[in-house]
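What you are looking at is a predicted structure, and each value in this text was computed from that prediction instead of being measured.
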Amino acid sequence: MENKFKSLMSGAFPVVLAGCVLAAGIGGYFWLFGGSSQESQAEEEASAPAVIQEEPQPAQTIPPETEEASAQEEIPASMPEEPVTVEVPVVAEAPQPVVQPLEGEVVTAFSVDELLYSPTMDDWRIHDGVDIAAQEGDSVVSASAGTVLSVTEDALLGTTVVIDHGDGVEATYASLQEGPMVTAGESVSAGQIIGTAGTTAASEAAQGPHLHFSVTKDGDTMDPNEFLSQ
């Protein structure tokens with residue numbers, strides 16, 4: 001038996017031993033080189049930059065513009081302008097002062113509804129003004145502000161000045177001394193001297209020096225007292 005074992009070991013053992021050595025060598029080779037290769041590949045993958053894949057975005061759909069929207073874009077909207085109301089303060093005009101053209105006694109009153117006797121004409125007639133007695137040379141003033149319309153020599157009334165006092169009112173100042181102190185077109189103020197009482201009127205012989213003062217409104221005869229009382 002012992003001889004058989006020795007005979008077996010002497011014949012098969014070397015083959016078995018050689019196979020074991022070969023297997024060990026192959027395993028060590030793969031362990032040595034195969035592991036390094038895997039580690040290197042792992043390191044390379046770890047160091048490589050990550051590639052991020054972008055997810056596809058859904059396409060945006062732009063709705064078509066309507067004709068109304070296009071018109072609104074072409075024509076800019078504008079706010080309607082509101083009218084600006086400016087309030088202008090109402091300033092009442094101061095009334096024009098009115099003064100007596102001459103202080104004195106009324107020798108012939110105003111009368112258009114009743115006939116009066118005229119010593120100068122020796123008849124009965126209406127009287128469209130007032131005659132105010134004066135001393136020769138007494139100052140006659142403008143009853144109100146206005147513009148001189150005319151300076152004339154009247155055969156009946158004598159030296160006469162007519163003044164436009166505005167608002168359709170005209171006043172006649174007659175029986176003045178020659179050479180009055182105003183001229184046609186001149187502006188005068190209330191109380192300004194326009195001449196002096198004289199003896200140029202035809203009625204001077206009967207009445208003496210005086211001022212004949214008459215007024216019209218829009219061409220119609222007006223009571224001088226009504227005008228002077230304003």
Side-chain angles (χ1 to χ4, degrees), residues 91-230:
V91 180
E93 294 184 1
Q96 293 287 347
V98 179
V99 299
Q100 289 284 343
L102 176 68
E103 295 292 340
E105 179 185 359
V106 175
V107 291
T108 306
F110 172 78
S111 178
V112 292
D113 298 326
E114 182 180 353
L115 297 177
L116 298 178
Y117 177 74
S118 171
T120 304
M121 306 303 297
D122 192 22
D123 61 9
W124 293 83
R125 62 180 59 201
I126 62 173
H127 192 248
D128 63 353
V130 291
D131 291 342
I132 304 173
Q135 296 294 324
E136 189 169 356
D138 286 350
S139 295
V140 176
V141 301
S142 175
S144 183
T147 303
V148 178
L149 293 179
S150 63
V151 177
T152 59
E153 296 294 331
D154 187 271
L156 181 62
L157 298 176
T159 302
T160 303
V161 174
V162 179
I163 298 177
D164 179 4
H165 291 297
D167 198 23
V169 175
E170 295 181 7
T172 298
Y173 304 77
S175 191
L176 302 176
Q177 284 187 344
E178 294 181 358
M181 301 177 184
V182 292
T183 57
E186 181 179 348
S187 296
V188 294
S189 58
Q192 178 179 336
I193 297 175
I194 60 173
T196 57
T199 58
T200 57
S203 61
E204 184 274 331
Q207 292 181 297
H210 69 281
L211 168 69
H212 174 80
F213 179 68
S214 61
V215 181
T216 61
K217 168 72 172 178
D218 297 326
D220 297 327
T221 300
M222 179 181 183
D223 187 347
N225 298 307
E226 181 182 347
F227 171 66
L228 295 174
S229 63
Q230 294 180 359

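Checked by atom type and distance alone, the side chain of Y173 never pairs as donor or acceptor with a backbone atom of I163 at under 3.5 Å. Panel note: side chain D167, backbone V169; no donor-acceptor pair is recorded below 3.5 Å. A side-chain donor-acceptor contact under 3.5 Å links T200 to the backbone of L176. Checking side-chain atoms of H212 against main-chain N and O of H210 turns up no donor-acceptor pair under 3.5 Å.
For the atom pair CD (Q192) and OG (S142), the distance works out to 7.0 Å, reported to the nearest 0.5 Å. Atom CD of residue E105 and atom CG of residue D131 lie 11.5 Å apart, to the nearest 0.5 angstrom. Rounding to the nearest 0.5 Å places CD of E153 at 7.5 Å from OG1 of T160. Note that CG of D223 is 11.5 Å distant from OG of S214, once rounded to the nearest 0.5 Å. Here the OG atom belonging to S139 is positioned 6.0 Å from the CE atom belonging to M181, to the nearest 0.5 angstrom.
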Determine, stepwise, if the pair F110 / T221 fulfils side chain to side chain contact (heavy atoms under 4.5 Å, CB included).
CA-CA 10 Å; F110 172 78; T221 300; 3.7 Å; yes
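Here the shortest heavy-atom pairing between V151 and P180 reads CG1-CG, 3.4 Å. Contact detail for A174 and L211: the closest heavy-atom pair is O-CD1, 3.4 Å. Summarising the geometry of P97 relative to A190, their closest heavy-atom pair is O-CB, 3.6 Å, with the distance given to 0.1 Å. Contact detail for H127 and V112: the closest heavy-atom pair is O-CG1, 4.1 Å. For the residue pair S187 and T147, the shortest heavy atom distance occurs at OG-OG1, 4.1 Å. Between D154 and L156, the closest heavy-atom pair is OD1-N, 2.8 Å.
Around CD of Q135, the count of heavy atoms belonging to other residues, nucleotides or ligands within 6.0 Å does not exceed 12. For E186, the CD atom counts as densely surrounded, since its 6.0 Å shell holds more than 12 non-hydrogen atoms of other residues, nucleotides or ligands.
Scanning for ring pair (Phe, Tyr, Trp, His ring centres under 6.0 Å) contacts around F227 gives H165, with sequence neighbours left out.
T159 places none of its side-chain heavy atoms less than 4.5 Å from the side chain of Q177. With contacts defined as side-chain heavy-atom distances shorter than 4.5 Å, the pair D138/E103 does not qualify.
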